[in-house]
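All remarks here apply to the structure that follows.
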Amino acid sequence: MKLGDTPFNLDATLCCGQVFRWEKVRGWWYGVTGDRAFKIRQIGDMLEFTNASEQFIKRYFGLGDDLPKISAEIGKDDYIRAALREFWGMRIIRQDPWECLISYICATYKSIPAIKRMLLNLSRKFGEKTTLDGMEFFTFPTPETLASARVQQLAECGLGYRARFVLETSKQIFEGRFMLESLRQLPYEQAKKQLCTLPGVGPKVADCVLLFSLDKLEAFPVDRWIARVIVNHYGHMLPRELAKKLLGKECLSSAEYMRLNAFGREYFGQYAGYAQEYLYHYERMNAAGCKIGV
DNA sequence: TTCCAGGGAGTAT
DNA sequence: ATACTCCATGGA
């Protein structure tokens, strides 16, 4: 498939920490969605893949997003313009909402390598095996499977205290008490409010699920890295009292989260989620020693 | 060994 | 509403 003048950066898109179950082997990215594995690679403006339709690829990798337009809207200052330049072509992936939800419940208070390990363990224990190019892959477990698991089994995957959150949320989804897909047609605020009723889901996890799987590009997740970016590079745009209070703080209160979240959405606009992801990746890649695991 | 991680929930004010 | 505390585990 030829990208033509559609800017795309596959490596940045899969490396920036929005998805956790892709791996690069001999120049190809291998991943699992739905019931099968597929691989994809980019050579210039050529995108090669197997086991997937062109329609699926366009949808999954957000190739329908008008990146030049988005860039023009969020490129408000030199700092984010540098991030846009550095990883130009990086896109917000449209993940499966269910996998995304469980992934970000697991992601709380964990490093990315540890998150990858947890999700791999979950898939190995509860998913179904499939093969591609002689390698083994596992589908992501279904709501039914996780809902009928025991807390101890989930904990054994390295989830720790998150095990009971994953179990209870899985039960709500499986039993039809929570309609994840229906959130897609709700406005951002309402969808977020509903997500936050799930155990293990607070404002940050909700924002990630909305942005990475439910087409809410205005969502602006604020984690430790983004909080650091805002304080260090946009602190002068915050109320002086707030900027001072956040300086050197290790975690945000819910009120502080709301204020940084609101800042991001108001400053960057309807595509704030794209701004967030470029800033997040830029900050992490420029962190001391570039030692962040891919 | 010690520190920290894409935060959230529970509890006391 | 806000502040403080604990959380279970693994990677660095």
Side-chain angles (χ1 to χ4, degrees), chain A residues 12-22 83 90 92-93 95 99-122 124-125 150-169 172 192-213 219-231 241-242 245-246 248-261 264 272-294:
Chain A
T13 299
L14 290 174
C15 281
C16 69
Q18 55 177 328
V19 280
F20 305 103
R21 269 163 38 79
W22 283 85
M90 186 175 79
I92 300 294
I93 288 179
Q95 303 179 34
E99 176 170 346
C100 189
L101 173 62
I102 298 303
S103 297
Y104 281 92
I105 290 176
C106 290
T108 62
Y109 203 40
K110 270 296 188 186
S111 67
I112 287 184
I115 298 163
K116 291 182 174 182
R117 174 58 57 183
M118 286 190 278
L119 296 175
L120 180 62
N121 290 342
L122 275 180
R124 274 213 275 248
K125 189 188 276 277
R150 280 205 281 266
V151 191
Q152 180 57 30
Q153 292 178 289
L154 297 174
E156 284 167 6
C157 293
L159 301 202
Y161 64 87
R162 302 162 195 78
R164 61 190 179 89
F165 296 149
V166 167
L167 180 60
E168 180 53 31
T169 289
Q172 288 202 34
K192 183 172 179 178
K193 191 173 174 184
Q194 289 211 25
L195 275 171
C196 288
T197 65
L198 291 169
V201 180
K204 191 271 175 182
V205 171
D207 275 323
C208 286
V209 175
L210 291 169
L211 175 61
F212 300 134
S213 74
F220 190 83
V222 181
D223 73 326
R224 294 161 184 267
W225 293 88
I226 287 297
R228 210 172 301 159
V229 170
I230 296 177
V231 172
E241 203 49 42
L242 178 62
K245 195 165 67 169
L246 293 177
K249 229 185 158 200
E250 69 288 351
C251 61
L252 300 176
S253 70
S254 60
E256 288 158 355
Y257 183 95
M258 287 215 295
R259 297 182 70 175
L260 295 189
N261 176 257
Y274 261 95
Q276 188 272 0
E277 204 55 18
Y278 274 90
L279 292 174
Y280 175 79
H281 194 43
Y282 191 59
E283 179 75 5
R284 284 169 55 85
M285 290 305 107
N286 287 321
C290 296
K291 57 184 169 53
I292 312 296
V294 172

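Naming: A, B, ... by sequence-line order, numbering from 1 per chain.
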Between [X] ([atom1]) and [N] ([atom2]), how many Å, whole number?
X	N	atom1	atom2	value
A:Lys249	C:dA3	NZ	P	7 Å
A:Glu168	B:dA9	CD	C1'	14 Å
A:Met258	B:dG7	CE	P	19 Å
A:Arg164	B:dG7	CZ	C1'	13 Å
A:Lys245	C:dT2	NZ	P	8 Å
A:Ile226	B:dG7	CD1	C1'	15 Å
A:Arg284	B:dA5	CZ	P	10 Å

If you restrict it to nitrogen or oxygen atoms, what contacts under 3.5 Å exist between nucleotides 4-7 of chain C and the protein, and what is each distance?
residue: C:dC7; atom: N4; partner: A:Tyr109; partner atom: OH; Å: 3.3

Please classify the nucleic acid contact of [X] as base, sugar-phosphate, or nothing, using heavy-atom distances under 4.0 Å.
X	value
A:Cys16	base
A:Leu154	nothing
A:Gln18	base
A:Ala255	sugar-phosphate
A:Glu277	base
A:Arg228	sugar-phosphate
A:Gly17	base

Notebook entry, point to check: Near DNA chain B, which residues from residues 201-209 of chain A have a heavy atom under 4.0 Å away?
Noted result: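 Going residue by residue through residues 201-209 of chain A, the ones with a heavy atom under 4.0 Å of DNA chain B turn out to be A:Val201, A:Gly202, A:Pro203, A:Lys204, A:Val205.
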
For A:Tyr257, what residues pass the ring pair (Phe, Tyr, Trp, His ring centres under 6.0 Å) criterion, not counting sequence neighbours?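 Partners of A:Tyr257 under the ring pair (Phe, Tyr, Trp, His ring centres under 6.0 Å) test: none.
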
| For A:Phe20, what residues pass the ring pair (Phe, Tyr, Trp, His ring centres under 6.0 Å) criterion, not counting sequence neighbours? |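 A:Phe20 satisfies ring pair (Phe, Tyr, Trp, His ring centres under 6.0 Å) with A:Tyr104 only.
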
Sorted by chain and residue number, the salt bridge (Lys or Arg N to Asp or Glu O under 4.0 Å) partners of A:Glu256 (sequence neighbours excluded) come out as A:Lys245, A:Lys249

Please name all residues satisfying side chain to side chain contact (heavy atoms under 4.5 Å, CB included) with [X], sequence neighbours left out, ordered by chain then number.
X	answer
A:Phe165	A:Ile105, A:Tyr161, A:Pro199
A:Leu120	A:Arg117, A:Arg124
A:Ala275	A:Ile74, A:Ile80, A:Phe268

side-chain hydrogen bond (donor to acceptor under 3.5 Å, both in side chains) with [X]: which residues, sequence neighbours excluded?
X	answer
A:Ser254	none
A:Glu156	A:Lys125
A:Glu283	A:Tyr79

- prompt: Is a salt bridge present between A:Asp223 and A:Lys204, judged by a nitrogen-to-oxygen distance below 4.0 Å?
  reply: no

task = Kindly say if A:Arg224 contacts the phosphate of B:dG7, meaning a side-chain N or O under 4.0 Å from OP1 or OP2.
result =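 For A:Arg224, the contact criterion (side-chain N or O under 4.0 Å from OP1 or OP2 of B:dG7) is met.
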
The dot-bracket string of DNA chain C, counting Watson-Crick and G-U wobble pairs with both distances under 3.5 Å, using [ ] for crossing pairs and | for pairs to another strand, is |||||||.||||

Exercise: identify the closest heavy-atom pair between A:Ile112 and A:Arg284: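 Between these two residues, the closest heavy atoms are CD1-NH2, 3.2 Å.
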
Margin query: On DNA chain B, does the nearest nucleotide to A:Glu250 precede the nearest nucleotide to A:Tyr257 from the 5' side, or the other way round? Give the residue.
Written below: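 Final value for this comparison: A:Glu250.
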
Item to complete: For C:dA8 and B:dT11, measure between their P atoms and round to the nearest Å.
Response: 14 Å

